[in-house]
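First up is the structure itself, then whatever we jot down about it.
Just so it is clear, the model here is predicted, and its values are computed rather than measured.
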Amino acid sequence: MRRRKSKRGLMIGGIAAGILIAAVIVTGIFWFRRGGEAEKERTPEELLMEYTDYIRTGNYEAMYGMLNEQSRKNIGLEDFTARNKNIYEGIGAVDIRVEIQSVEERTEGLKTVSYQTSLNSSAGEINFLNQVDFIWEQAAENQGAKKKKAVGDYRMIWNDQVIFPNLGRTDKVRVSTDRSVRGEVLDRDGGLLAGKGNASLVGLVPGKMAGYTAGTEGETSGTSPDLERLSELLGVSVESIEKKLAAKWVKEDSLVPVKTLKKVDEFDLQSASPREDNVENKALQDALLAIPGVMITDTPVRSYPLGEAAAHLVGYVQNVTAEDLEKHPGEGYLSDSVIGRSGIETLYEKELKGQNGEKISIVTSEGTEKLVLAAIPRVDGSNITLTIDSSLQRTIYERFKDVKSCTVAMNPYTGEVLALVNTPSYDDNDFILGMSEEKWASLNEDERKPMFNRFRQRFAPGSSFKPITGVIGLSTGALTPGESFGTDRAGLSWQKDASWGKYQVTTLHDYSPVNLENAYIYSDNIYFAKAALKIGYDDFMAGLDRLGFNQDLPFEISVSQSQYSNTERIETEIQLADSGYGQGQVLMNPIHLAALYTMFPNRGDVIKPYITYRKEPASEVWLKGACTPEIAETIDTALKKVISSEHGTGHAAMRGDITLAGKTGTAEIKASKGDTSGTELGWFAVYTADGPDRTPILMVSMVEDVKNAGGSGLVVRKAKAVLDSYIPPVQQ
């Protein structure tokens with residue numbers, strides 16, 4: 001015990017040194033002495049408040065030291081400590097408050113303290129009225145002494161009801177959890193993107209295994225060839241399987257789980273072209289069932305029906321770690337809870353998780369509930385509905401899965417994001433079923449980076465950026481649609497003057513007249529390099545700032561900021577010229593680029609993208625008047641001709657039944673200006689231009705490594721296939 005100063009002197013206390021000597025030591029704790037004279041003993045109410053302080057700090061030995069002799073005979077220090085510790089800490093008791101109601105002297109040396117207790121627990125607040133008796137006891141060293149006044153103190157007469165009034169000696173305090181059900185992630189039509197599903201649990205029934213025997217301590221003996229075959233098929237070590245079989249709970253008729261696999265899709269198997277992975281899974285499970293003792297049964301799991309097609313968007317959950325529990329105290333996570341690790345599962349973790357119900361009750365030794373002390377109801381997680389069109393998401397994935405790419409598709413009039421696709425991908429179901437070390441290593445070592453989420457990153461946009469340069473140039477008055485930029489150019493390369501040294505801006509086509517519209521049709525780098533120089537550093541950068549560069553995109557999913565320089569500003573003429581056609585140090589996030597393209601069909605307003613579904617979709621303007629309606633119409637007309645003109649770089653996407661507008665782009669990725677071994681990014685931004693009532697869609701796709709693979713033409717062909725599936729062509 002700590003020493004305390006009183007108004008008249010010092011109070012000396014002893015600390016229990018161990019269970020065997022605690023009873024001797026604690027008898028001398030609570031009385032006052034000075035010069036052999038007895039001090040005035042502390043009151044029972046003062047002692048109760050001190051006892052409460054010890055509960056708060058978990059000082060159970062000190063609590064025990066305040067008990068009277070008979071109470072300490074009834075329960076030892078070890079049992080007392082375990083009883084109190086298990087209850088107070090088990091219910092998560094904090095903020096314990098005691099208010100004395102009254103003190104009644106029943107007989108000489110025996111007083112009853114009535115008090116009100118309130119505390120917060122894991123199941124909410126607990127309040128109760130209680131009473132406890134204190135008896136005056138003479139100090140052991142003073143017993144039998146012939147003194148004028150005996151030395152002693154009041155001691156607590158303790159029993160289990162001091163903890164809770166209705167708690168009997170053999171009763172228990174039970175904390176029971178009613179687990180919340182994690183919410184589902186749904187697409188715009190209510191289709192499942194993440195939620196309840198079934199998998200195939202592969203287990204062993206020991207009694208049906210060839211040569212199996214069970215020992216009294218759960219020891220097992222299986223037929224080695226069978227276990228080796230099972231190990232080979234499942235990628236689980238023989239030692240791991242034997243350890244599971246040796247568990248003490250295992251009996252002959254027990255189903256011992258070994259591994260969880262995807263459920264075989266029987267409908268797919270009956271189709272004309274069943275999926276290869278499904279056929280392989282069926283063959284695997286047939287081979288497993290041929291092993292004596294193997295049983296395969298359905299088991300509920302978190303399921304991701306789109307798998308690879310939406311893994312980077314939807315994400316996945318995993319069991320919490322000790323670090324998670326430390327990072328999220330008091331948020332209801334248990335040691336076997338799951339938590340969102342990426343994608344929508346992380347973004348909406350709080351809403352999806354829900355809140356576990358919890359009840360704290362007193363139960364008899366037989367398990368009968370006597371009294372509920374506190375309870376909070378279970379609140380299941382909320383469903384999250386996205387604007388995603390699963391069919392479009394899957395179609396885009398299938399068309400682009402053989403390349404490194406990302407695609408964003410949205411309704412340009414409402415801002416609804418219809419698809420967010422990244423390729424190559426991974427199967428988020430693998431994280432639920434359990435991923436082998438080999439599989440994890442293969443994902444991380446794959447040079448194509450299947451775990452890398454490209455639609456959240458930023459890339460050099462190349463010529464897909466040219467409409468933005470046009471907006472800034474026309475808005476500042478530096479450009480006019482009919483102005484010719486071809487008077488001082490010779491052939492397909494150009495530099496401003498000799499100060500550029502050997503550096504040249506190059507383009508692919510010679511044409512006339514060299515005006516804004518034709519510059520879009522032929523994707524003329526030289527035109528837009530000159531345009532950027534004419535706009536000037538400050539106006540060009542200010543224009544980009546107004547269009548959301550170096551800012552966070554107002555979108556539910558955080559993405560990289562677009563930039564126009566690695567520093568605070570564009571530094572040189574060459575960098576400014578290169579920036580005009582989406583090179584230099586310009587980097588753009590694909591979702592940001594798609595959002596900026598909405599200004600053309602919306603006559604100057606940039607629509608805010610969003611992915612959380614609304615029953616009544618209504619556009620929200622992000623950048624009001626990003627350009628005038630006249631400028632938007634000028635560029636919109638030119639972008640239509642990029643598709644419709646036989647000379648247009650996007651002509652391969654042309655349809656006779658719908659009007660499309662768009663812009664291709666090829667961005668060179670070089671280590672330096674003289675690098676000839678660099679790769680290229682291919683872009684295609686395209687949107688329907690027939691108004692909001694005719695299946696509107698705006699799609700921006702980026703593909704890496706298109707050099708010697710068709711350039712942006714590769715992207716155009718893939719995007720056309722997607723559009724033809726999403727909006728089937730009408731025969732003319």
Side-chain angles (χ1 to χ4, degrees), residues 49 51-63 80-99 116-128 163-164 167 172-185 194-195 301-302 314-363 371-384 428 431-432 434 556-558 612:
M49 300 307 290
Y51 183 88
T52 303
D53 283 339
Y54 291 143
I55 297 176
R56 294 188 187 105
T57 59
N59 192 344
Y60 303 109
E61 287 190 9
M63 291 162 59
F80 177 87
T81 297
R83 180 70 157 161
N84 283 273
K85 179 182 177 69
N86 290 341
I87 291 176
Y88 286 118
E89 296 182 20
I91 68 174
V94 294
D95 194 19
I96 303 171
R97 304 171 300 281
V98 167
E99 183 179 333
Q116 173 78 37
T117 297
S118 62
L119 59 89
N120 290 324
S121 73
S122 58
E125 190 170 66
I126 299 175
N127 294 283
F128 55 89
I163 302 175
F164 293 120
L167 184 66
K172 298 179 180 179
V173 176
R174 182 171 64 192
V175 179
S176 53
T177 301
D178 185 9
R179 292 178 177 274
S180 62
V181 177
R182 191 173 180 87
E184 297 178 333
V185 181
V301 294
R302 185 83 168 166
V314 178
Y316 57 90
V317 297
Q318 283 186 313
N319 288 332
V320 296
T321 63
E323 184 180 352
D324 293 321
L325 295 175
E326 185 177 338
K327 187 178 179 181
H328 302 279
E331 295 183 25
Y333 288 101
L334 305 175
S335 59
D336 58 349
S337 296
V338 297
I339 190 169
R341 285 286 182 237
S342 68
I344 297 298
E345 290 278 33
T346 293
L347 180 63
Y348 291 104
E349 168 65 18
K350 183 178 179 180
E351 293 82 356
L352 290 167
K353 178 178 76 72
Q355 182 64 50
N356 291 331
E358 192 158 304
K359 181 170 65 173
I360 297 174
S361 53
I362 296 174
V363 297
L371 177 68
V372 175
L373 297 171
I376 53 176
R378 181 188 81 191
V379 179
D380 288 337
S382 301
N383 292 341
I384 301 297
D428 37 9
F431 286 91
I432 303 299
E556 294 96 321
I557 300 172
S558 63
T612 308

Rounded distance [0.5 Å steps], [atom1] in [X] versus [atom2] in [Y]:
| X | Y | atom1 | atom2 | answer |
| --- | --- | --- | --- | --- |
| Ser118 | Glu99 | OG | CD | 8.5 Å |
| Glu326 | His328 | CD | NE2 | 11.0 Å |
| Tyr316 | Thr346 | OH | OG1 | 8.0 Å |
| Asn383 | Glu351 | CG | CD | 12.0 Å |
| Thr81 | Asn86 | OG1 | CG | 10.0 Å |
| Ile126 | Ile360 | CD1 | CD1 | 4.5 Å |

Student check: side-chain heavy atoms of [X] and [Y] closer than 4.5 Å:
| X | Y | answer |
| --- | --- | --- |
| Asn319 | Asp336 | no |
| Asp178 | Lys359 | no |
| Val185 | Leu352 | yes |
| Ile163 | Tyr88 | yes |

Hey, is the main chain of Gly332 close enough, under 3.5 Å, to the side chain of Asn356 for a donor-acceptor pair?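 Yes; at least one donor-acceptor contact below 3.5 Å.
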Hey, is the main chain of Gly340 close enough, under 3.5 Å, to the side chain of Glu349 for a donor-acceptor pair?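 Flag set: sc Glu349 to bb Gly340 pair under 3.5 Å.
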Does a donor on one side chain sit under 3.5 Å from an acceptor on the other, for Ser180 and Asp380?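 Distance-only check fails for Ser180 and Asp380.
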Do the side-chain N and O atoms of Asn127 and Glu125 include a donor-acceptor pair separated by under 3.5 angstrom?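 A donor-acceptor contact under 3.5 Å links the two side chains.
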Start with the C-alpha gap between Tyr348 and Thr612, add the side-chain angles, then the distance that decides, and say whether side-chain contact (heavy atoms from CB on, under 4.5 Å) holds. CA-CA 10 Å; Tyr348 291 104; Thr612 308; 2.5 Å; yes
Is there a side-chain contact (heavy atoms from CB on, under 4.5 Å) between Leu167 and Ile87 once you walk through the steps? CA-CA 11 Å; Leu167 184 66; Ile87 291 176; 3.8 Å; yes
Can you give me the closest heavy-atom contact between [X] and [Y], atom names plus distance?
| X | Y | answer |
| --- | --- | --- |
| Ala123 | Ile376 | O-CG2, 3.3 Å |
| Leu347 | Glu556 | CD1-O, 3.3 Å |
| Ala93 | Leu119 | CB-CD1, 4.2 Å |
| Tyr60 | Glu89 | OH-OE2, 3.0 Å |

Salt bridge or not for [X] and [Y], using N-O below 4.0 Å?
| X | Y | value |
| --- | --- | --- |
| Arg302 | Glu345 | yes |
| Arg341 | Asp428 | no |
| Asp324 | Lys327 | no |

Can you list the steps and then say if Arg97 with Asn120 is a side-chain contact (heavy atoms from CB on, under 4.5 Å)? CA-CA 9 Å; Arg97 304 171 300 281; Asn120 290 324; 4.2 Å; yes
Answer yes or no: are there more than 12 heavy-atom neighbours, outside Glu323 itself, under 6.0 Å from its atom CD?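 Counting neighbours around CD of Glu323, 12 or fewer heavy atoms of other residues, nucleotides or ligands fall under 6.0 Å, so no.
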With a distance cut-off below 6.0 Å to the six-membered ring centre and an angular limit of 45° from the axis, does Lys353 pair with Tyr333 as a cation-pi contact?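 Yes, a cation-pi geometry holds between Lys353 and Tyr333.
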